[in-house]
Participant: 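Dropping a structure here in structure tokens format, bear with me for questions.
Counting from 1, the numbers follow the sequence of the chain as shown.
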Amino acid sequence: MLAGMAINIGLSGILFVLPLFLQEIRGLSAHIAGIALLPMMIPLAFNPILTGRIVGRIGARIPMTVGFSLAAAGTLLQAWTEVNTSYGITLVGLLLIGFGVSFTIPSLMTAVISSVPKEQTGAISGALNSSRQLGATLGVAILGTLLSGSKSFIAGMHVSLIVTAVILFGGSLLSLAFIGRKHS
């Protein structure tokens, strides 16, 4: 449940901060800012098919750990972005985030659902969804608070994205330590 919360803190927080950056600081229209974010969304649409095959072969731990790490690395790359940073840097960061999230969520769902008897899959699926929704709300609240409490938008964006990357790296450590392992 914590991993589900962590991935949605990251995803929703990033989807809150980056459009603001692209529109308010870079001066892009809402339409062009949406197009600029497409590199993050395309892997989310297509990569889960590949992720499902990988999880079926090797289990959820490695894809989930790698996914969290990719998302965290992409978020750190975004945290270095300044007003005049090339879009190429943003593009690479967005791709890392998109692939990271698209490895993490299907792996997470598989790990959670396979951890309970079949008659409890509906309940555990609902619990995971609730945890992820809480994470989405917390992501926007935390990053919004960090942005509004900073001297400038750029400074607030840097801090908020570093905090997000730390949360995502924490999800990677959680995945590595607990997913797919039997604990007494």
Participant: With heavy-atom distances below 4.5 Å as the criterion, would you say the side chains of Ile154 and Phe21 are in contact?
Facilitator: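 Yes, close enough: below the 4.5 Å cut-off.
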
Participant: Return the minimal non-hydrogen interatomic distance between Ser12 and Ala136, and the atom names on each side.
Facilitator: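 That would be OG-CB, 3.2 Å.
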
Participant: Is Leu147 close to Phe16 at the side-chain level, that is, under 4.5 Å between some pair of heavy atoms?
Facilitator: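 Heavy-atom side-chain distance check passes, below 4.5 Å.
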
Participant: With a sphere of 6.0 Å drawn around OH of Tyr87, does it hold more than 12 non-hydrogen atoms of other residues, nucleotides or ligands?
Facilitator: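 More than 12 heavy atoms, drawn from other residues, nucleotides or ligands, come within 6.0 Å of this atom.
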
Participant: Atom CG in Leu108, atom CG in Leu128: separation rounded to 0.5 Å?
Facilitator: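 Leu108 atom CG to Leu128 atom CG measures 5.0 Å (nearest 0.5 Å).
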
Participant: Give the intermediate values and the outcome of side-chain contact (heavy atoms from CB on, under 4.5 Å) for residues Thr81 and Arg26.
Facilitator: CA-CA 11 Å; Thr81 302; Arg26 289 273 177 97; 3.9 Å; yes

Participant: Side chains of Leu95 and Met40: closer than 4.5 Å at any heavy-atom pair?
Facilitator: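 No, their side chains stay 4.5 Å or more apart.
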
Participant: Which atom pair, heavy atoms only, marks the closest approach of Gln23 to Ala33?
Facilitator: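 It is CG-CB, 3.8 Å.
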
Participant: So which heavy atom on Pro63 is nearest to which on Ile58, and how close?
Facilitator: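 Residues Pro63 and Ile58, closest heavy atoms: CD-CD1, 4.0 Å.
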
Participant: Return the minimal non-hydrogen interatomic distance between Ile124 and Ile113, and the atom names on each side.
Facilitator: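 Here Ile124 and Ile113 meet closest at CG2-CA, 4.2 Å.
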
Participant: Flag the pair Gln78 / Leu94 as yes when at least one side-chain heavy-atom distance between them is below 4.5 Å, and no otherwise.
Facilitator: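 The answer is yes, as the side chains (C-beta and beyond) meet within the 4.5 Å cut-off.
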
Participant: When you measure from the side chain of Thr121 to the backbone of Pro117, do you find a donor-acceptor pair of N or O atoms at a distance under 3.5 Å?
Facilitator: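 Side chain of Thr121 to backbone of Pro117, a donor-acceptor pair under 3.5 Å: no, none is there.
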
Participant: What distance separates Leu20 CG from Phe153 CZ, expressed to the nearest 0.5 Å?
Facilitator: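 That separation rounds to 5.0 Å.
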
Participant: Check whether any side-chain heavy atom of Arg132 sits under 4.5 Å from a side-chain heavy atom of Met1, and report yes or no.
Facilitator: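 No, their side chains stay 4.5 Å or more apart.
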
Participant: Quick check on Ile62: does its CD1 atom have over 12 non-hydrogen neighbours (other residues, nucleotides or ligands) under 6.0 Å away?
Facilitator: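 12 or below, so no.
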
Participant: Should Leu76 and Phe169 count as side-chain neighbours, where that means a heavy-atom distance under 4.5 Å?
Facilitator: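 Yes - at least one pair of side-chain heavy atoms lies under 4.5 Å apart.
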
Participant: Okay, side chain of Ser160, backbone of Gly156: is any donor-acceptor separation there less than 3.5 Å?
Facilitator: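 Between the backbone of Gly156 and the side chain of Ser160 there is a qualifying donor-acceptor contact (under 3.5 Å).
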
Participant: Just checking Met5: does its CE atom have more than 12 heavy atoms from other residues, nucleotides or ligands closer to it than 6.0 angstrom?
Facilitator: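 Above 12, so yes.
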
Participant: So, His158 side chain and Glu82 main chain: donor-acceptor pair closer than 3.5 Å or not?
Facilitator: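 The answer is no, because no donor-acceptor pair under 3.5 Å joins these two groups.
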
Participant: Between Leu96 and Phe99, does a side-chain contact (heavy atoms from CB on, under 4.5 Å) hold up when you go through it step by step?
Facilitator: CA-CA 5 Å; Leu96 287 170; Phe99 278 106; over 6 Å; no

Participant: Can you see which heavy atom on Pro43 is nearest to which on Ser102, and at what distance?
Facilitator: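 Scanning both residues, the minimum pair turns out to be O-CB, 3.4 Å.
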
Participant: Between Thr65 and Ser172, is any side-chain donor less than 3.5 angstrom from a side-chain acceptor?
Facilitator: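 No, Ser172 and Thr65 have no side-chain donor paired with an acceptor closer than 3.5 Å.
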
Participant: Which heavy atom of Pro19 sits nearest to which heavy atom of Ile14, and what is that distance?
Facilitator: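 The answer is CD-O, 3.8 Å.
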
Participant: Once rounded to the nearest 0.5 Å, what's the spacing between atom CG of Leu134 and atom CD1 of Ile9?
Facilitator: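 Leu134 CG to Ile9 CD1: 7.5 Å, rounded to 0.5 Å.
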
